[in-house]
Amino acid sequence: RQLKDAGFQAIPHVPARFVRDAEDLKSRIAALAGAGVTEMLVLGGGAPQPIGIYDAALQLLETGVFQANGITRIGLAGHPEGNPDITKIHGEAVLLKALKEKQAYLKANGIDGFIATQFLFEAAPVAEWARTLRAEGVGLPIHVGVPGPATIKTLVKYATMCGVGNSARFIRKQAMNITKLLTVNTPDDFVQDLAELHASRPELGIAGPHLYPFGGFDKLFDWLASKQG
């Protein structure tokens, strides 16, 4: 409610593995909808074991709870560099299959959709991944995960926690120099490359950034303000 009053559109993240049961899901979604929420990002969640009966985003979608509460737009997770928790066991094909199933569900139920990706540091993996999605019939717009300004130390920590792939190699290389650990890295080059990708290859559907404020909201908002005008 505070975000809405401040002029923002809140998009809560709903991770399947942190929902206990159907009643838990219903009460949470109803409360958020009652606060004026109409968009949500529905995820599997990174927990090794679910705390309840759900372990995949599609299971949450199939409950019908979202449309019953007036949710009109739902985001899905995308993984340009793979998801180590899944691909090590099941392979990349499982991620693509799940994304196609979720897209089909949204379309069948008249719900607008989009993809928000894991964060990474380079545009090239995004381009190749998006090309594969389009070839396989996944047409949802893509919001690319961009890490906001943060120290090298912080970025390395999150890259390690989240299993970010080869695009993090330059961050890890920087971390080898102890004098650079507290240097703040900004995503200017990455954003520029994504903008060029958006302009030169519109068929890929790169719709915009999904910003991760790893360095804190103050650093992120100051950086955004410096790019305006």
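- Taking Ile, Leu, Val, Met, Phe, Trp and Tyr as members and joining any whose side-chain heavy atoms lie under 4.5 Å apart, directly or through other members, Val184 forms no hydrophobic cluster with any other residue.
- Phe18 belongs to no hydrophobic cluster with other residues, because no ILVMFWY side-chain heavy atom falls under 4.5 Å from its own, directly or through intermediates.
- Under the rule for a ring pair (Phe, Tyr, Trp, His ring centres under 6.0 Å), the partners of Phe214 that lie at least two apart in sequence or sit in another chain are Phe119, Tyr158, Tyr212.
- Leu182 and Phe170 sit in two unconnected hydrophobic clusters of ILVMFWY residues. Membership requires side-chain heavy atoms under 4.5 Å apart, directly or through other members.
- Between Leu133 and Leu96 there is a side-chain heavy-atom pair separated by less than 4.5 Å.
- Note on Val146: it clusters hydrophobically with Trp129, by side-chain heavy-atom contacts below 4.5 Å among ILVMFWY residues.
- Summarising the geometry of Leu155 relative to Gly148, their closest heavy-atom pair is CD2-O, 4.4 Å, with the distance given to 0.1 Å.
- Taking all atoms of both residues into account, the shortest heavy-atom contact from Pro15 to Gly45 is CB-CA, 3.8 Å.
- To the nearest 0.5 Å, the span separating CD1 on Ile71 from CG on Asp112 amounts to 12.5 Å.
- By the criterion of side-chain heavy atoms lying less than 4.5 angstrom apart, applied directly or through intervening Ile, Leu, Val, Met, Phe, Trp or Tyr residues, Ile53 is not grouped with Ile51; the two fall into different hydrophobic clusters.
- Smallest separation of non-hydrogen atoms from Asp193 and Ala123: CB-CB, 3.7 Å.
- Interatomic distance, Met40 CE to Arg73 CZ, rounded to the nearest 0.5 Å: 13.5 Å.
- A distance of 12.0 Å separates CE of Met176 from CZ of Arg172, quoted to the nearest 0.5 Å.
- No more than 12 heavy atoms of other residues, nucleotides or ligands sit less than 6.0 Å from atom CG of Asp189.
- With a 6.0 Å radius and a threshold of 12 heavy atoms from other residues, nucleotides or ligands, Gln2 has its CD atom at or below the threshold.
- Remark: Tyr54 engages no residue in a ring pair (Phe, Tyr, Trp, His ring centres under 6.0 Å) (not counting sequence neighbours).
- Side chain of Glu39 to backbone of Ala10: no donor-acceptor contact under 3.5 angstrom is found.
- Annotation: side chain of Val14 is in contact with side chain of Leu25 (closest heavy-atom distance under 4.5 Å).
- Side-chain contact between Val191 and Pro209: absent, with no pair of heavy atoms (C-beta onward) separated by less than 4.5 Å.
- Using a 4.5 Å cut-off on side-chain heavy atoms (C-beta onward), Leu140 and Ile142 make no contact.
- Heavy-atom minimum distance, Thr117 versus Gly145: OG1-N, 2.7 Å.
- Residues Met161 and Ile171 share a hydrophobic cluster, clusters being chains of Ile/Leu/Val/Met/Phe/Trp/Tyr side chains in contact below 4.5 Å.
- Between Thr186 and Lys219 the shortest side-chain heavy-atom distance does not fall below 4.5 Å.
- Remark: His198 engages no residue in a ring pair (Phe, Tyr, Trp, His ring centres under 6.0 Å) (not counting sequence neighbours).
- Among pairs with a residue in residues 140-152, none fulfils salt bridge (charged side-chain N to carboxylate O under 4.0 Å, His left out), at least two apart in sequence or across chains.
- Within the structure, every pair that satisfies the salt bridge (charged side-chain N to carboxylate O under 4.0 Å, His left out) test and touches residues 121-144, not counting sequence neighbours, is listed here: Lys100-Glu136, Glu122-Arg169, Glu128-Arg131.
- When side chains are defined from C-beta on, Val144 counts as touching Leu120, because their heavy atoms get closer than 4.5 Å.
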Item to complete: Check the pair Ile115 / Leu99 against side chain to side chain contact (heavy atoms under 4.5 Å, CB included), numbers first and verdict last.
Response: CA-CA 9 Å; Ile115 296 171; Leu99 198 49; 3.9 Å; yes
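- Not counting sequence neighbours, the partners of Thr154 by the side chain to side chain donor-acceptor pair (under 3.5 Å) test are Thr151.
- Put simply, the side chain of Gln118 gets close to the backbone of Gly82: a donor and an acceptor are under 3.5 Å apart.
- In this structure, Leu76 and Leu41 have side chains that are not in contact, with every pair of non-hydrogen atoms separated by 4.5 Å or more.
- A side-chain donor from one of Ser167 and Glu81 sits under 3.5 Å from a side-chain acceptor of the other.
- Residues forming a ring pair (Phe, Tyr, Trp, His ring centres under 6.0 Å) with Phe8 (at least two apart in sequence, or on another chain): none.
- Not counting sequence neighbours, the partners of Lys180 by the side chain to side chain donor-acceptor pair (under 3.5 Å) test are Gln174.
- Remark: Asp21 CG is packed, more than 12 non-hydrogen atoms of other residues, nucleotides or ligands lying under 6.0 Å away.
- Contact between Thr183 and Thr179 at its shortest, heavy atoms only, is OG1-O, 4.2 Å.
- Legend: residues meeting side chain to side chain donor-acceptor pair (under 3.5 Å) with Asp5, ordered by chain and number and at least two apart, are absent.
- Nearest heavy atoms, Ile74 versus Leu106: O-CD1, 4.0 Å.
- Across Arg28, Arg20, Lys26, a single residue satisfies side chain to side chain donor-acceptor pair (under 3.5 Å) together with Asp24, and that is Arg28.
- The closest side-chain heavy-atom distance from Pro149 to Leu220 is below 4.5 Å.
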Please list every donor-acceptor pair under 3.5 Å in which a side-chain atom of residues 57-69 meets a protein atom from a residue at least two apart or in another chain.
residue, atom, partner, partner atom, Å
Gln59, OE1, Asp55, N, 2.7
Gln59, OE1, Ala56, N, 3.2
Gln59, NE2, Asp55, OD1, 3.3
Thr63, OG1, Leu60, O, 2.6
Thr63, OG1, Val65, N, 3.2
Gln67, NE2, Tyr105, OH, 3.1
Gln67, NE2, Asn109, OD1, 3.4
Asn69, ND2, Val65, O, 2.8

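- In the hydrophobic clustering of ILVMFWY residues, with side-chain heavy atoms under 4.5 Å counting as a link, Ile111 and Val138 come out together.
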